[in-house]
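From a predicted model like this one, the values you see are computed outputs, not experimental measurements.
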Amino acid sequence: QVLSRKLYKSDSWNGETADSNVRIVAVDLQEMAPIEGVVLVQGDITSPATVARVLGEFRQGDTDRLADLVVCDGAPDVTGMHDLDEYIQAQLLLS
């Protein structure tokens, strides 16, 4: 929500206006409450289908267009087995 306010909406109190070309896509495993100006995708970021959907939202017919900024707060569940946790974290980062 903070990003959508900063990037998508105009800030009339300080005279700044946001870029009208901003596209925000949020991805989560869980269902999310609607956020004005944000495309919500419920899915696993490690899934090729979710990646394709997110890229499709950004590209909108322009196959060369990519995201300018990616913010991620994703974290895997910790199992307590260091090697497995490290592997899962690395896979999440690759996503």
Side-chain angles (χ1 to χ4, degrees):
Q1 288 175 325
V2 173
L3 282 176
S4 69
R5 283 192 297 257
K6 293 288 185 184
L7 298 174
Y8 188 73
K9 298 179 182 179
S10 65
D11 290 328
S12 57
W13 64 273
N14 66 7
E16 293 180 15
T17 37
D19 185 346
S20 62
N21 196 29
V22 169
R23 188 95 176 127
I24 302 172
V25 179
V27 181
D28 203 312
L29 286 170
Q30 306 298 319
E31 186 175 356
M32 297 171 275
I35 302 171
E36 185 180 348
V38 178
V39 175
L40 304 176
V41 175
Q42 184 175 354
D44 181 347
I45 63 170
T46 64
S47 163
T50 302
V51 172
R53 183 156 177 218
V54 170
L55 289 175
E57 291 292 341
F58 280 110
R59 291 181 176 162
Q60 294 186 332
D62 180 359
T63 58
D64 293 331
R65 183 177 178 184
L66 298 172
D68 293 320
L69 172 69
V70 175
V71 179
C72 179
D73 71 345
D77 293 330
V78 178
T79 66
M81 296 186 298
H82 180 71
D83 289 343
L84 179 59
D85 291 339
E86 184 178 3
Y87 173 78
I88 294 171
Q89 180 67 38
Q91 293 305 302
L92 187 60
L93 289 171
L94 288 173
S95 297

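When all heavy atoms of I88 and P76 are compared, the closest pair comes out as CG2-CB, 3.3 Å.
Taking CG from L93 and OG1 from T46, the interatomic distance works out to 12.0 Å, rounded to the nearest 0.5 Å.
One hydrophobic cluster, built from ILVMFWY side chains closer than 4.5 Å, cannot hold both I24 and V41; they sit in different ones. Both V39 and I45 are assigned to one and the same hydrophobic cluster, defined by single-linkage of ILVMFWY side chains at heavy-atom distances under 4.5 Å.
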Taking only distance into account, with no hydrogens and no angle test, what donor-acceptor pairs under 3.5 Å do side-chain atoms of residues 50-57 form with protein atoms, sequence neighbours excluded?
{"residue": "T50", "atom": "OG1", "partner": "D44", "partner atom": "N", "Å": "3.4"}
{"residue": "T50", "atom": "OG1", "partner": "D44", "partner atom": "O", "Å": "3.1"}
{"residue": "E57", "atom": "OE1", "partner": "R23", "partner atom": "NH2", "Å": "2.6"}

Do any side-chain atoms of residues 27-35 form donor-acceptor pairs under 3.5 angstrom with protein atoms, and if so which ones, sequence neighbours left out?
{"residue": "D28", "atom": "OD1", "partner": "Q30", "partner atom": "N", "Å": "3.0"}

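Listed by first and then second residue, the salt bridge (charged side-chain N to carboxylate O under 4.0 Å, His left out) pairs that reach into residues 78-93 come to none, sequence neighbours excluded.
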